[in-house]
Amino acid sequence: MPPPEHPLSSYVVNIFSQRMVLFLLLILPSPSLMITTSPLSLSLWHRGNRVSNINACHRLAMADGGLTVRCTGLRLAQVPAGLSNCTSHLLLNKNLLSSLPADSFYDLFLLEELDLSHNQLSSLEAGCFRGLEASLCFLDLSYNRLSKLDPAVLGGLRAHANLTHNPWHCDCKMELSISQLDLDPISLAEVICQSSDLPNLGAVGMPLVLLVEDWDLCLSVRRTIDVVTLVIMFLWLFMLICYLAHYIRQNQAVARRNLEYLKLLDSRENSDK
């Protein structure tokens, strides 16, 4: 007959078994972790592990069914993935965004406001605002490092925009781009040309709206009449007036001679009678 099992040894065996199970759970991948190795999750990971960033953003449901997502000051280097299709207001200001790749907001077809101010944006790829043409009403790109704005970047986008406090290079593409946007009237004077293709050094430091009114940046010619043109027109008009005055005087002299001649003929006819 086997000896009875000691209670202490049974307790030790149970403790050892529990610790072994806990150890195995820690070192072996769980099914949920295995699922995250899908191609979709891997692609999101290669895009900068942006899925976790959206969790730090503050979300607020709107009365109209839209969603306001505030990601202000989170030091984001990329646009977070996983944004809801119901997002109507997206605030990405005061982050570390340096560029926007194509289709950055493609799924946000209800987005009305996009705040990208106070970042480090220096380049915008063509198609970065694709998908927002029908919905976006306000775009804030102020306080960045943008120097060029290509029409291909905007696509068919027509929104109320703030472009202030950027080192803009004013050229033909810039002129074509601003014609698409509804620039904020209050901030128009602060959209300053830091450089330009024009052969006129006075263009540097000039507000873009004034430069475009005075110059055709695509042809590098002035739209308005300059001082030289005014002087030439004045001289031409003066010469025309002088010629007309001389012509009138000459005609008056000829007319007087003809009148005197007619009077002389009349007097001779009367004397003959």
With a 3.5 Å distance limit and no angle check, can you tell me whether Asp103 reaches the backbone of Tyr106 through a side-chain donor-acceptor pair? no

To the nearest 0.5 Å, what is the distance between OG (Ser117) and CG (Asn93)? 4.5 Å

Thr87 side chain to His89 backbone, donor-acceptor under 3.5 Å: no

Strictly distance-based, threshold 3.5 Å: is any side-chain N or O of Ser177 a donor or acceptor partner for the main-chain N or O of Leu149? yes

Straight-line distance of Cys128 SG to Asp150 CG, nearest 0.5 Å: 10.5 Å

How far apart are the closest heavy atoms of Gln194 and Val204, and which atoms are they? O-CG1, 3.5 Å

Atom CD of Glu125 and atom OG of Ser99: how far apart are they, to the nearest 0.5 Å? 6.5 Å

Does any N or O in the side chain of Asp140 come within less than 3.5 Å of the main-chain N or O of Asp115, such that one atom is a donor and the other an acceptor? no

Is Leu176 linked to Leu163 within one hydrophobic cluster, defined over Ile, Leu, Val, Met, Phe, Trp and Tyr using a side-chain heavy-atom separation of less than 4.5 Å? no

Could you give me the CA-CA distance, side-chain angles and deciding distance for Phe109 and Leu132, then say whether side chain to side chain contact (heavy atoms under 4.5 Å, CB included) is met? CA-CA 6 Å; Phe109 49 84; Leu132 305 181; over 6 Å; no

Mind checking the OG-NZ spacing from Ser123 to Lys148? Nearest 0.5 Å is all I need. 12.0 Å

Determine whether a donor-acceptor pair (N or O, by modelled atom type, separation under 3.5 Å) exists between the side chain of Ser104 and the backbone of Leu100. no

Hey, any chance Leu110 and Val79 share a hydrophobic cluster, counting ILVMFWY side chains that come within less than 4.5 Å of each other, even indirectly? no

If you take all heavy atoms of Pro80 and Leu76, which pair is closest and at what distance? CD-CD1, 4.0 Å

Do Leu91 and Glu113 have side-chain heavy atoms sitting under 4.5 Å apart? yes

Examine distances only and state if a side-chain atom of Thr164 and a backbone atom of Val191 form a donor-acceptor pair shorter than 3.5 Å. no

Heavy-atom check, side chain of Val153 versus side chain of Pro151, under 4.5 Å: no

Heavy-atom donor-acceptor pair, Asn119 side chain to Leu92 backbone, under 3.5 Å: yes

Taken to the nearest 0.5 Å, the spacing of Asn162 CG from Leu141 CG works out to 8.0 Å

Search all heavy atoms of Ala159 against all heavy atoms of Leu136 and return the closest pair with its distance. CB-O, 3.7 Å

Do Leu60 and Leu67 have side chains that get closer than 4.5 Å, going by heavy atoms? no

Looking at Trp168 and Met174, would you say the former's side chain and the latter's main chain have a donor-acceptor pair under 3.5 Å? no

So, does Glu133 use its side chain to make a donor-acceptor pair with the main chain of Gly131 at under 3.5 Å? yes

Which atom of Ala102 lies closest to which atom of Ala126, heavy atoms considered: CB-O, 3.5 Å

For Arg145 against Asn166, the heavy-atom pair lying closest together: N-OD1, 3.4 Å

Tell me whether Tyr143 shares a hydrophobic cluster with Leu124, the cluster being built from Ile, Leu, Val, Met, Phe, Trp, Tyr side chains joined at under 4.5 Å. no

Taking every heavy atom of Asn144 against every heavy atom of His118, the minimum-distance pair comes out as ND2-N, 4.1 Å

OG (Ser88) and CE (Met62) are apart, to the nearest 0.5 Å, by 5.5 Å

What about Phe129 and Leu83, same hydrophobic cluster or not, with Ile/Leu/Val/Met/Phe/Trp/Tyr joined at side-chain heavy-atom distances under 4.5 Å? yes

Linking I/L/V/M/F/W/Y whenever their side-chain heavy atoms sit closer than 4.5 Å, directly or via other members, would Ile178 and Ile192 fall into one cluster? no

Would you find a donor on one side and an acceptor on the other, under 3.5 Å apart, between the side chain of Ser147 and the backbone of Pro167? no

